[in-house]
Amino acid sequence: MEVNEKTSCCLRETSQTDSSKMKTITFTSFLIFLFCSVINAQTFDNYKKEYVLKSITDGQVEASRTHRMILCDYQPSGLYVRKGEKITLNVSNLNSAYNLSSMIGFKPMWGDRNKTQENNLRNGANTVTAIQDGILSFIFVKREGYDTNPALVNVNVVGGKAFPLYKLNRSNPANWQNDLKTMTDAPFVQLISDKVLITIPYRDYLKNPIPDIPKSFQTIHQVIDWEDELAGFDNSTPENMRTNNRIHYLIDLYSTPKEAESYYMYASNYMIGMKRDNYTDLTEKLDEEWGIWHETGHTHQQDSWTWGSISEISVNMFSLYVQEKFGQPSRLNTIEGDETETTFNKARKYVANPNKNYLEENEDDYNELFSKLVMFHQLKSVYGWDSIKKLHQYFRKNQYVYNEDETDQDKVNKFVYAMCLITKNNLMPFFKKWGLNVDSATAGKINALRLPLPTTDPAKIFR
């Protein structure tokens with residue numbers, strides 16, 4: 001259920017004494033120290049099959065807090081099991097406030113064609129019979145609520161076969177190379193950091209190994225951190241804390257070659273699906289790959305205000321932000337491929353069209369996936385990227401959640417109202433120029449705020 005919309009902006013800064021600021025800094029520093037201590041205590045030893053796991057917030061609980069897609073809440077073992085194989089998982093120190101389960105296989109991917117086998121585990125010996133081939137993973141999550149004080153659990157596995165598992169800042173490079181040479185029957189390789197899990201078929205990896213794994217992780221982390229920034233995850237309040245759940249990039253083996261022709265990559269709950277012939281765009285070319293910035297951006301989108309026609313438009317704010325951070329020229333001001341004019345010029349034509357309707361999807365609208373993106377660029381140009389950050393924070397603060405009964409117009413009403421509050425300007429005339437109108441009730445609420453019109457009209461900015 002959606003919480004009733006509040007009529008006052010919840011983004012005003014509140015005064016804070018130097019003493020209270022110091023307490024906040026001290027407490028935050030303590031939490032960071034505690035979290036880092038727990039991080040350093042965890043181990044993924046697929047040679048000895050011994051694991052010390054740090055708990056992660058349940059993916060669905062985390063999605064509710066952060067208002068984004070469900071991220072990965074499972075952790076790797078570096079082991080693969082075969083159908084019919086019996087494995088024993090010896091568990092110790094499992095806290096009753098936490099759930100621990102084994103997972104064989106992947107979360108559902110293309111068309112829900114693959115199945116996931118999950119088995120609850122308890123302290124002591126647990127026997128699991130694999131009903132399918134698959135990677136063994138662990139799901140160690142708090143039973144209820146957000147996990148602010150991560151716990152540890154010990155797991156020892158009897159059975160399964162090790163495959164190459166690279167752990168950032170933990171794996172010995174020589175051992176990693178040896179694993180790639182000797183584990184020749186491995187179906188996959190996995191690479192893990194505190195932010196990312198990457199899964200690639202073994203033979204595909206041998207054809208295109210990552211030249212510099214730490215450098216690749218550094219770039220991936222950079223992109224994720226920048227996109228977190230734009231989504232307003234600045235650790236200022238509980239709802240704006242950055243997540244500890246990982247983004248899982250993996251090769252989708254379940255879509256047919258014909259189906260794979262229809263996409264570059266795709267974002268879904270728990271993972272971002274890649275293809276065998278382009279995963280190196282993630283590991284080697286991420287400083288210039290708009291498409292992966294785009295798919296990672298999808299994991300940040302808020303359903304509470306993303307209406308149907310902009311799901312593939314507003315997400316490109318994240319790509320624009322990353323592109324700018326990398327110091328590259330804006331895609332909106334370049335002529336691409338067989339095109340004859342820039343996106344800015346196409347956007348001018350769109351705004352000048354008297355029959356436009358921003359709510360409608362129309363491929364003939366001057367390459368709408370980019371021309372309509374200019375509307376967000378114009379808002380950023382006048383009010384800064386901070387206005388987009390505050391937009392995401394506003395919807396988390398006011399606890400807006402996805403409501404399947406909402407219409408696209410309902411979401412437009414909330415979005416326009418929020419932007420007026422955030423910018424402290426009446427933006428209804430601006431949005432109307434883009435073919436985006438609010439209903440009479442929302443217009444009445446905005447007029448009641450008695451906000452001034454913008455000093456600079458964003459709709460005139462095409463640069």
Side-chain angles (χ1 to χ4, degrees), residues 43-53 72-92 99-122 124-140 153-167 171 175-192 197-209 246 248-257 260 268 270-271 273-276 279:
T43 58
F44 302 100
D45 189 340
N46 62 332
Y47 299 144
K48 296 181 179 179
K49 303 181 184 180
E50 296 175 350
Y51 308 88
V52 179
L53 305 174
C72 169
D73 60 4
Y74 42 88
Q75 306 182 56
S77 71
L79 301 176
Y80 192 82
V81 297
R82 297 291 181 183
K83 183 178 179 179
E85 181 180 0
K86 287 187 177 182
I87 58 174
T88 300
L89 301 100
N90 297 298
V91 178
S92 59
N99 281 329
L100 175 65
S101 59
S102 61
M103 184 178 98
I104 299 174
F106 302 112
K107 291 288 187 178
M109 283 189 254
W110 192 270
D112 197 22
R113 291 173 187 168
N114 61 300
K115 303 300 179 183
T116 309
Q117 178 184 348
E118 295 183 22
N119 296 87
N120 291 326
L121 305 177
R122 52 175 176 72
N126 302 263
T127 301
V128 172
T129 301
I131 61 175
Q132 62 185 22
D133 294 345
I135 288 176
L136 173 67
S137 304
F138 305 108
I139 304 174
F140 180 36
V153 69
N154 299 84
V155 182
N156 170 264
V157 178
V158 179
K161 191 164 186 178
F163 62 83
L165 174 65
Y166 183 94
K167 296 145 283 186
S171 290
N175 290 345
W176 168 249
Q177 293 301 324
N178 184 65
D179 289 347
L180 292 174
K181 291 178 182 177
T182 59
M183 298 178 177
T184 55
D185 59 349
F188 296 97
V189 304
Q190 286 192 314
L191 305 97
I192 187 171
L197 175 63
I198 302 172
T199 303
I200 302 168
Y202 172 79
R203 297 194 180 282
D204 293 322
Y205 186 87
L206 290 187
K207 292 178 183 177
N208 294 291
R246 296 178 177 89
H248 187 184
Y249 298 90
L250 77 163
I251 306 297
D252 182 348
L253 301 177
Y254 298 95
S255 57
T256 66
S268 183
Y270 294 103
M271 55 89 180
M274 305 184 296
K275 296 192 290 190
R276 295 178 126 159
Y279 80 82

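I251 contributes atom CD1, which lies 8.0 Å from atom CZ of R276 (distance to the nearest 0.5 angstrom). The line from CD of E118 to OG of S102 is 8.0 Å long, rounded to the nearest 0.5 Å. Remark: D252 CG to Y279 OH distance equals 15.5 Å, nearest 0.5 Å. Within the model, atoms CG of L89 and OG of S77 stand 9.0 Å from one another, a figure rounded to the nearest 0.5 Å.
Counting only distance, with no hydrogens or angles, the side chain of E85 and the backbone of V128 share no donor-acceptor pair below 3.5 Å. The backbone N or O of K107 sits less than 3.5 Å from a side-chain atom of N114, completing a donor-acceptor pair. A donor-acceptor pair is defined here as one N or O able to donate and one able to accept, closer than 3.5 Å; no such pair exists between the side chain of N46 and the backbone of A162. With hydrogens and angles disregarded, a donor-acceptor distance shorter than 3.5 Å links the side chain of K49 to the backbone of G159. No side-chain donor-acceptor contact under 3.5 Å links Q75 to the backbone of F138. Checking side-chain atoms of Y51 against main-chain N and O of N156 turns up no donor-acceptor pair under 3.5 Å. The backbone N or O of V52 sits less than 3.5 Å from a side-chain atom of T43, completing a donor-acceptor pair. The backbone N or O of G134 lies less than 3.5 Å from no partner atom in the side chain of K83, so there is not a single donor-acceptor pair. Listed for the Q132 side chain is a donor-acceptor partner under 3.5 Å among the backbone atoms of I104.
The shortest distance between side-chain heavy atoms of N119 and S101 does not fall below 4.5 Å. Residues R246 and Y74 form no side-chain contact, since every pair of their non-hydrogen atoms from C-beta on lies 4.5 Å or further apart. With contacts defined as side-chain heavy-atom distances shorter than 4.5 Å, the pair Y249/L197 does not qualify. No side-chain heavy atom of V91 sits under 4.5 Å from any side-chain heavy atom of N154. Side-chain contact between L165 and L191: absent, with no pair of heavy atoms (C-beta onward) separated by less than 4.5 Å. Here the side chains of F188 and I200 are not in contact, with every heavy-atom distance at 4.5 Å or above. Put simply, the side chain of N126 does not reach to within 4.5 Å of the side chain of T88, judged on heavy atoms. Put simply, the side chain of L180 does not reach to within 4.5 Å of the side chain of P209, judged on heavy atoms.
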Requested in this report: Decide side chain to side chain contact (heavy atoms under 4.5 Å, CB included) for N90 and V158; before the verdict, give the C-alpha distance in whole Å, the side-chain angles of both, and the deciding distance to 0.1 Å.
Outcome: CA-CA 8 Å; N90 297 298; V158 179; 4.1 Å; yes
Report task. Please assess T116 against F106 for the test side chain to side chain contact (heavy atoms under 4.5 Å, CB included), listing each intermediate value before the final yes or no. Result -> CA-CA 6 Å; T116 309; F106 302 112; 5.7 Å; no
Requested in this report: Show the numbers, then the answer: is there a side-chain hydrogen bond (donor to acceptor under 3.5 Å, both in side chains) between N175 and Q177?
Outcome: CA-CA 5 Å; N175 290 345; Q177 293 301 324; over 6 Å; no
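Minimum heavy-atom separation, I87 to G160: CG2-N, 3.8 Å. Looking at every heavy atom in both residues, P76 comes nearest to F44 through O-CD2, 3.2 Å. In this structure, L250 and M109 approach most closely via the heavy-atom pair CD1-CE, 3.6 Å. Residues T129 and G84 come closest through the heavy atom pair CG2-O, 4.0 Å. Closest approach of H248 to C72, counting heavy atoms only: CB-CB, 4.0 Å.
For the residue pair T199 / Q190, a side-chain donor-acceptor distance below 3.5 Å is found, with atom types taken as modelled.
Using a cutoff of 4.0 Å between basic side-chain nitrogens and carboxylate oxygens, K161 and D185 are scored as salt-bridged. One finds a salt bridge joining D133 and R82 here, because a Lys/Arg side-chain nitrogen approaches an Asp/Glu carboxylate oxygen to under 4.0 Å.
Between Y205 and W176, the two ring planes are perpendicular [angle over 60°; tilted spans 30° to 60°].
Within 6.0 Å of CZ in R203 there are 12 or fewer heavy atoms belonging to other residues, nucleotides or ligands.
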